[in-house]
Asks: 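I am attaching a structure below and will ask some questions about it afterwards.
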Amino acid sequence: MNDQQKAKIEALNKQVVDLQKQIVDKYVEAGEITKQQADLTKSNIDQAEQYRQQFTQQNGSVAPVPGYGPGSGYGRGYCGGWGANAGGYYGGRW
């Protein structure tokens with residue numbers, strides 16, 4: 001992968017992180033989750049991005065965010081529901 005391709009992937013990953021956080025904010029606006037739950041979820045998003053960046057620096061390749069590949073997914077993910085459904089956004093990380 002050349003430097004231009006790596007830069008494009010990095011820019012796309014930043015967009016993904018920004019969009020994930022915007023989605024969380026929309027759930028707060030809709031009353032589906034609390035601000036505290038949103039803050040924790042955003043913290044988890046930031047931690048995943050930090051991990052991806054560290055992996056990239058250590059291995060010299062652009063790593064996907066956990067959840068893109070086998071074995072490191074987010075559990076029940078988007079369709080798992082909130083609260084009592086236990087799956088929750090990004091696998092119920094709150």
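When reading the values below, keep in mind they use all heavy atoms of this one structure, side chains included, and skip hydrogens, waters and symmetry mates.
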Asks: Under a 4.0 Å N-O cut-off, is there an ion pair linking Asp46 with Lys42?
Replies: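 Lys42 and Asp46: not salt-bridged.
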
Asks: Is it true that Asp39 and Lys35 make a salt bridge, defined as a side-chain N closer than 4.0 Å to a carboxylate O?
Replies: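 Looking at Lys35 together with Asp39, the answer is yes, because their closest N to O distance falls below 4.0 Å.
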
Asks: Sequence neighbours left out, what passes side-chain contact (heavy atoms from CB on, under 4.5 Å) with Thr34? Give chain and number order.
Replies: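 Thr34 satisfies side-chain contact (heavy atoms from CB on, under 4.5 Å) with Gln36, Gln37 only.
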
Asks: With rounding to the nearest 0.5 angstrom, report the CD1 to NZ distance, Ile33 to Lys26.
Replies: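 Rounded to the nearest 0.5 Å, the CD1-NZ separation comes out at 13.0 Å.
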
Asks: Say you draw a straight line from CD1 of Ile45 to CD of Gln50; how long is it, rounded to the nearest 0.5 Å?
Replies: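 The CD atom of Gln50 is 14.0 Å from CD1 of Ile45, to the nearest 0.5 Å.
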
Asks: Checking Glu10 against Arg52 for the side-chain contact (heavy atoms from CB on, under 4.5 Å) test, could you report, in this order, the C-alpha distance in whole Å, the side-chain angles of both residues, the deciding distance, and whether it holds?
Replies: CA-CA 10 Å; Glu10 283 297 321; Arg52 189 195 61 74; 2.8 Å; yes

Asks: Donor-acceptor pair, distance only, cut-off 3.5 Å: does the side chain of Gln5 make one with the backbone of Asn2?
Replies: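 Indeed, once roles are kept as given, a pair shorter than 3.5 Å links the two residues.
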
Asks: Are Leu12 and Gln15 close enough that some pair of their side-chain heavy atoms sits under 4.5 Å apart?
Replies: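 Yes, close enough: below the 4.5 Å cut-off.
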
Asks: Taking the side chain as every heavy atom from C-beta outward, state whether Ile9 and Met1 have any atom pair closer than 4.5 Å.
Replies: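 They are in side-chain contact.
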
Asks: Should Gln53 and Asn13 count as side-chain neighbours, where that means a heavy-atom distance under 4.5 Å?
Replies: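 No - every pair of side-chain heavy atoms lies 4.5 Å or more apart.
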
Asks: Thr41 and Val24: which non-hydrogen atoms are nearest, and at how many Å?
Replies: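 What the structure gives for the nearest pair is CG2-CG2, 3.6 Å.
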
Asks: If you measure from CD on Gln47 to CG on Leu40, what distance do you get to the nearest 0.5 Å?
Replies: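 These two atoms lie 8.5 Å from each other.
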
